[in-house]
Amino acid sequence: MDYMDIYRQWRTDPYFDEQTKQELQAISSDTAEIEDRFYRQLEFGTGGLRGIIGAGTNRMNIYTVRQATQGLANYIIAQNGQEQGVAIAYDSRHMSPEFADEAALCLNANGIKTYRFESLRPTPELSFALRQLGCIAGIVITASHNPREYNGYKVYWEDGAQITPPHDKNILAHVANVTDFSQVQTMAKDEAQKQGLYHTIGANIDDLYMEQLKQQSIHPELIRQAADSIKIVYTPLHGTGNLPVRRILKELGFTQVYVVKEQELPDGAFPTVAYPNPEDENAWVLALKLAKEVDADLVLATDPDADRLGVYAKDQKTGEYVAFTGNMSGMLIAQYLLRERTKMGTLPQNPALVETIVTTDMAKAIAADYNTALIEVLTGFKYIGEQIKQFEQQNTYHYVFGLEESYGCLAGTYARDKDACVAVMLLCEAAAYYKLQGKTLWDAMLDMYETYGYYKEGLATLTLKGIDGAKQIQDMMGRARNHPPKTLGGCQVLAVRDYKEDTRKDLSTGKICPTGLPSSNVLYYELEDNAWCCIRPSGTEPKIKFYFGVKGISLEDATKRLEHLKKDMLDEME
């Protein structure tokens, strides 16, 4: 069937509810909109689903959620995991509670127990909960930091991390085999509860999660000393972070915490921000206004599912607030953890810091300074979570900290996904440590630059929607793969890593060796003078991303080098 045939089926088949049919009737004269909604099945990628909410096969709705869940259910049954069950959490987005219920009831109809949170919770708490409950899998209904019209569906496996090989490909295959809605099962909630299949979880898991967070604190006594003098402004950006972040800060003893009232309550419309992403400077207007009013030391924002943390810190010399990238805040936490645990003799044997290939190279310098192994993985925090599992299984390293450039990190192994709650906690503790020395976090960052070098990173993103956009992205990757540049940003390209082909080619010698990482459609250019560039299509959005890194002799020098490199790379792709 072509997309118009499928459109007509959705409008007439009794399987689809009246609200869906009315929504589709309203676009009957808009051929382009019909095509976009029905030209394909919303792709279930290696992490799950993500798309615009609405009726259609290429949209997030109760039918596509059920279809994906039926595939997951089939795989769980094949693994004999029915009794272990599935934990389910959801965020503040439109339709998140409904999608969570649809997923639970589809699993229940397949004889699989579910443990659904009573109300919205952060994504990292789901990672913790499924391990605590001994579940075989977990689902989070969230579109993370995407615009308000989106929602998504992320799948976790029993180790607490998002699905990785072989489970990702196996689940993908089972979902692909669900080709007709007649294959999808569901049942009434009251019947699922009566049969002991549908369970509700809440406060008891919250309490256990909070205890695990507090165990990551190194110097609770320093928090008590600085608690009344350090001022913190926080915004959950209408998401899930409000209660857990405020609770952990209060239980640790921080007393001067100011929450942005206009953004305090959960709201899937995100009425005060067009894009609820701490990486977007426009999301900070209200928080920075409040920070200036109360003379805050640091300003924090979590994304809707509270797995990413954005930071501004005060510059004492200018009185202005300086934006921190995820690399910068991650390095502050990493150094604080490694330095203080080394001092206290609590750093484990064979410690490891794990980062993705597009994260700052400053991590290498810090890890070397504290005799800590630095492990690189592909982009995506699931690969960091996978390393924790492998360390434990192989008895090799002890995980201390992991981070990715996109504002995500994790200290400890209680969860296997990035956690903004623990990041808030440790960054505030580090701020208290430096406050007692008369320094701000910005002062501490400048000290790190002086010690390790002026590392600076950047990101450029091209959004190319629809069928034509997907082809453009494919063509760009083909050109970059088959005709790599010889110089970028005034630096010679020394080697090209092609993670799809598992090759690293030295351009001066022609020698080829494996990358040592799983296959992924990613290209990485190693440049002279400690510079690099990486290109990859997004796995969840119609985007192609370009990552850049340089090392300068000053902040100004690093900024110039980065802009030169970015311009060259984007010109190369035109």
Side-chain angles (χ1 to χ4, degrees), residues 92 122 145 148 222-306 308-326 328-329 332-333 407 420-446:
S92 60
H145 56 289
R148 61 175 66 94
L222 296 184
I223 295 173
R224 289 190 289 272
Q225 290 177 44
D228 292 335
S229 62
I230 189 164
K231 293 181 180 178
I232 302 161
V233 163
Y234 168 63
T235 173
L237 294 177
H238 305 289
T240 61
N242 184 39
L243 295 181
V245 167
R246 293 171 74 170
R247 177 176 172 181
I248 192 63
L249 291 178
K250 181 178 180 180
E251 291 187 9
L252 286 169
F254 290 101
T255 60
Q256 304 297 308
V257 179
Y258 302 83
V259 178
V260 178
K261 289 295 180 186
E262 300 93 327
Q263 297 172 332
E264 177 182 11
L265 298 179
D267 190 335
F270 304 110
T272 65
V273 286
Y275 186 31
N277 185 354
E279 296 177 76
D280 181 4
E281 63 180 16
N282 296 318
W284 291 89
V285 173
L286 293 172
L288 290 173
K289 178 175 178 288
L290 178 59
K292 289 173 182 175
E293 290 171 2
V294 302
D295 192 27
D297 295 277
L298 68 161
V299 194
L300 308 173
T302 54
D303 69 341
D305 67 324
R308 298 171 190 245
L309 172 67
V311 182
Y312 275 74
K314 192 172 185 181
D315 180 343
Q316 291 187 111
K317 293 178 182 176
T318 65
E320 295 300 312
Y321 290 94
V322 181
F324 281 51
T325 65
M328 292 162 66
S329 57
L332 278 168
I333 297 172
Y407 291 57
C421 300
V422 82
V424 165
M425 185 193 90
L426 285 170
L427 203 62
C428 290
E429 181 174 319
Y433 173 92
Y434 293 115
K435 180 87 172 182
L436 294 171
Q437 297 179 10
K439 294 181 178 181
T440 67
L441 286 181
W442 177 237
D443 296 326
M445 193 70 231
L446 291 174

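Using a 4.5 Å heavy-atom cutoff, the side chains of Leu309 and Leu300 are in contact. The shortest side-chain heavy-atom distance between Tyr234 and Val260 does not fall under the 4.5 Å cut-off. Cys428 has its side chain within reach of Ile232: a pair of non-hydrogen atoms, C-beta onward, lies under 4.5 Å apart. Ile230 places a side-chain heavy atom less than 4.5 Å from the side chain of Leu298. Between Ser329 and Thr325, every side-chain heavy-atom pair lies at or beyond the 4.5 Å cut-off. For the pair Leu237 and Phe270, the minimum side-chain heavy-atom distance is 4.5 Å or more. Side-chain contact between Leu332 and Leu441 is present, with at least one heavy-atom pair separated by less than 4.5 Å.
Every pair passing ring-ring contact (aromatic ring centres under 6.0 Å, His included) that includes a residue from residues 278-301 is listed here, sequence neighbours excluded: Trp284-Tyr312. Legend: salt bridge (Lys or Arg N to Asp or Glu O under 4.0 Å) pairs involving residues 270-285, not counting sequence neighbours, sorted by first then second residue: Glu279-Arg308.
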Would you be so kind as to tabulate the donor-acceptor pairs closer than 3.5 Å made by side chains of residues 286-296, with sequence neighbours excluded?
residue: Lys289; atom: NZ; partner: Glu293; partner atom: OE2; Å: 2.9
residue: Asp295; atom: OD1; partner: Lys314; partner atom: NZ; Å: 2.2

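Relative ring orientation between Tyr275 and His145 is described as tilted, the plane-to-plane angle lying within the 30° to 60° band.
A donor-acceptor pair shorter than 3.5 Å cannot be found between the side chains of Tyr433 and Glu429. A donor-acceptor contact closer than 3.5 angstrom is absent between the side chains of Asp305 and Thr240.
Shown here are the side chain to side chain donor-acceptor pair (under 3.5 Å) partners of Thr440, two or more places apart in sequence or in another chain: Asp443. The side-chain contact (heavy atoms from CB on, under 4.5 Å) check on Arg224 picks up Pro220, Glu221, with sequence neighbours excluded. Residues that satisfy the side chain to side chain donor-acceptor pair (under 3.5 Å) test with Thr272, not counting sequence neighbours, are His238, Gln263.
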